[in-house]
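See structure below.
Both counts, for ligands and for their atoms, begin at 1 and track the order of listing. Model, not experiment: these values are computed from the prediction.
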Amino acid sequence: MGEKGRLNRVLLECSLSDKLCVVQEHQYEVIIVPALLVGGFLILLAIILWLFIRGQRSQRQHPGTRGTAAAPASRDLSQEVAGQGEKVLLPLKETSVESFLRAATPPLAKLQIPREQLSDVMEKIRSGSCGTLYHAMMTTRDNPTPKSVVLKVLAEPVGLQEAQDFIGRIQFYQYLGKHKNLVQLEGCCTERLPLYMVLEDVVPGDLLSFLWTCRKDVMTMDGLLYDLTEKQIYHIGKQVLLALEFLQDKNLFHGDVAARNILIQSDLTVKLCHLGLAYEVHTQGAISSARTSTIPLKWLAPERLLLKPASIRGDVWSFGILLYEMVTLGAPPYPEVPPTSILQYLQRGKIMKRPSSCTHAMYSIMKCCWHWSEDSRPLPAELCLRLEAASRSANDKAVLQVPELVVPELYADVAGIRAENLSYSYSVL
Ligand SMILES: Nc1ncnc2c1ncn2[C@@H]1O[C@H](COP(=O)(O)OP(=O)(O)OP(=O)(O)O)[C@@H](O)[C@H]1O
């Protein structure tokens, strides 16, 4: 024992041989330090526990605040929007449209188009299912020459749900990415109302109007020759199938393949539009019954008429109807069957007869699309090969001709479509 130890014992009033005094002598190291350490540890544990419980409680009070994107997003859209490498988290807890837009706009920063780059004059195309479509002109910093674009404008007053849905659709375009046979999103204006989706303008417009115009004794318009040969039908059909294959690769389908929902350019490039149903499939896993009831029955596969789950094979059925539309230059399908009787007609095992303008090769492709059993129908990729094979021996000279002009209102009636849902880029005169 050193001098310091001896001094301690004197201070503690114990003899040098007292063993118990060791405890008293080393109480600082043996009792106080460990007690302080244990106490500190317990306090830290209590703080962590308190923070954890507080976090749990606030999550219970705001369920879904970690959710993402658009209103009906039943899937983790945040992850899927991040398909392009960025994780986009949009809070759903916002209670006003303004605060929702404040939170939703930054993740869409790259898509924002300054409103002053868009012309004030807009020409209405028609009302769509989620906003009104207009033609407008747009200038960009790189290109001051105005170019035509299509604006989808969400009409005011706008509810929170509608705003979330509109933004969700923009994100859906972002998620899909580019494909030359899908209508392209150019950008958006979402920092305040009114909300705009800016789409590329596909000129002259929808395929159905093009087909109807081909019936007329025309002519070239806007650089487009309004004539159609069998070979060109295969060329258009293949592009539609490429778009469907692209959707299929993302576990999606279109849901309403028809000439009215296909846009055609003067070089015969076609682009699928009306992607709202695919958006529903993406966010909800299926097309809602409310939307299904708006789709014209004559284009639907039997399983969809029976309200069974839809799939890409349903698109293949509709693709067969699209071939019929093309080869008849836009005749309504099943002209002799009222739209509401179509299911009974198909249940009797009937399909459309071969139109006089249709070759046997093309009719056999249509028939393979119209197998009652989904599994017996080819997938888009297989169908594409069949079209390519048929195209090799297809006629590239004979122009399809149908002498009767179309009266859109009569067409709408026979086809089972609301006349206002038809494009107005066609006139009988
Ligand atoms: N980019 C475009 N260029 C030219 N015309 C277009 C374009 N987009 C749409 N249209 C025209 O407007 C019509 C309606 O478009 P679309 O079906 O995409 O809108 P919607 O009814 O709002 O559908 P969705 O359910 O997909 O949102 C099309 O059938 C077409 O005639």
Worksheet entry | Per-atom contacts of ligand 1 with Val183, taking only distances under 4.0 Å to non-hydrogen atoms | 1 (N)
Worksheet item: Applying a strict 4.0 Å limit to heavy atoms, is Arg169 in contact with ligand 1?
Response: yes
Worksheet item: Can you check whether Cys273 has an N/O within less than 3.5 Å of an N/O in ligand 1?
Response: no
Discussion item. Under 4.0 Å from a heavy atom of Arg291: which atoms of ligand 1 are those, numbered in the order shown and with their elements?
Written reply: 25 (O)
Fill in: Gly276 N/O under 3.5 Å from ligand 1 N/O
yes
Worksheet item: Does Glu382 have any salt bridge (charged side-chain N to carboxylate O under 4.0 Å, His left out) partners at least two apart in sequence or in another chain, and if so, which?
Response: none
Practice prompt. Between Val150 and ligand 1, find which residue part has any heavy-atom pair under 4.0 Å and reply side chain, backbone, both or neither.
Written response: side chain
Worksheet item: Is there a side chain to side chain donor-acceptor pair (under 3.5 Å) between Thr190 and Gln112 once you walk through the steps?
Response: CA-CA 7 Å; Thr190 63; Gln112 296 299 321; 2.8 Å; yes
Fill in: For atom 17 (O) of ligand 1, the option (of Glu280, His274, His254) bearing the nearest heavy atom
His274
Worksheet entry | Distance-only donor-acceptor check, side chains Ser318 and Asp315, under 3.5 Å | no
Worksheet entry | Closest protein heavy atom to atom 29 (O) of ligand 1, given as residue, atom name and distance to 0.1 Å | Arg260 O, 3.1 Å
Item to complete: Kindly determine whether Arg115 and Glu191 satisfy salt bridge (charged side-chain N to carboxylate O under 4.0 Å, His left out), including the steps that lead there.
Response: CA-CA 10 Å; Arg115 284 173 201 256; Glu191 78 301 348; 3.0 Å; yes
Worksheet item: In terms of atom number and element, which parts of ligand 1 are under 4.0 angstrom from non-hydrogen atoms of Leu275?
Response: 26 (O)
Worksheet item: Nearest heavy atom to atom 31 (O) of ligand 1: which of Asp206, Leu185, Leu422, Thr294 does it belong to?
Response: Asp206
Practice prompt. State whether Tyr345 and Lys298 meet the cation-pi test: NZ (Lys) or CZ (Arg) under 6.0 Å from the six-membered ring centroid, and within 45° of the perpendicular axis.
Written response: no
Worksheet item: Only one of Asn261, Ile233, Leu207 forms a side-chain contact (heavy atoms from CB on, under 4.5 Å) with Leu322, so which one is it?
Response: Leu207
Discussion item. Taking a cutoff of less than 4.0 Å between a non-hydrogen atom of the residue and any ligand atom, is His135 in contact with ligand 1?
Written reply: no
Worksheet item: What atoms of ligand 1 come closer than 4.0 angstrom to any heavy atom of Gly128?
Response: 20 (P), 21 (O), 22 (O)
Item to complete: In sequence, state the C-alpha distance, the side-chain angles, and the governing distance for Ser288 and Glu280, and then conclude on side chain to side chain donor-acceptor pair (under 3.5 Å).
Response: CA-CA 7 Å; Ser288 65; Glu280 282 200 1; 3.1 Å; yes
Worksheet item: Near Cys130, which atoms of ligand 1 are under 4.0 Å from a heavy atom of that residue?
Response: 22 (O), 27 (O)
Discussion item. Less than 4.0 angstrom from a charged side-chain N to a carboxylate O is my criterion; do Glu404 and Lys216 meet it?
Written reply: no
Practice prompt. Answer yes or no: is there an ion pair linking Arg313 with Glu303, defined by an N-O contact shorter than 4.0 Å?
Written response: no
Fill in: N/O separation below 3.5 Å, Asn261 to ligand 1
no
Fill in: Closest approach of any protein heavy atom to atom 25 (O) of ligand 1, naming residue and atom
Ser129 OG, 2.7 Å
Practice prompt. Please write down residue, atom name and distance for the protein heavy atom closest to atom 1 (N) of ligand 1.
Written response: Glu200 O, 2.6 Å
Worksheet item: Side chain, backbone, both or neither: which part of Leu277 has a heavy atom under 4.0 Å from ligand 1?
Response: neither
Worksheet item: His282 side chain to Tyr175 main-chain N or O, any donor-acceptor pair under 3.5 Å?
Response: no
Worksheet entry | Nitrogen or oxygen atoms of Val202 and ligand 1 under 3.5 Å apart | yes
Practice prompt. Give the residue and atom name of whichever protein heavy atom lies nearest to atom 11 (C) of ligand 1, and the separation in Å to one decimal.
Written response: Ile125 CG2, 4.2 Å
Worksheet item: Does ligand 1 have an atom that lies less than 4.0 angstrom from a heavy atom of Lys152?
Response: yes
Practice prompt. Sequence neighbours left out, what pairs pass ring-ring contact (aromatic ring centres under 6.0 Å, His included) with at least one residue falling in residues 179-199?
Written response: His179-Phe246
Practice prompt. Do me a favour and list the nearest non-hydrogen protein atom to atom 5 (N) of ligand 1 with residue, atom name and distance?
Written response: Leu263 CD2, 3.7 Å
Worksheet item: Is Met197 close to Glu186 at the side-chain level, that is, under 4.5 Å between some pair of heavy atoms?
Response: no
Fill in: Validation row: Tyr334, Leu346 side chains within 4.5 angstrom (heavy atoms)
yes
Practice prompt. Evaluate the ring planes of Trp317 and Trp370, with Trp represented by its six-membered ring, and classify them as parallel (under 30°), tilted (30 to 60°) or perpendicular (over 60°).
Written response: tilted
Fill in: Identity and distance of the protein heavy atom lying nearest atom 9 (C) of ligand 1
Leu133 CD2, 3.6 Å
Fill in: Sub-4.0 Å heavy-atom approach of Gly131 to ligand 1
no
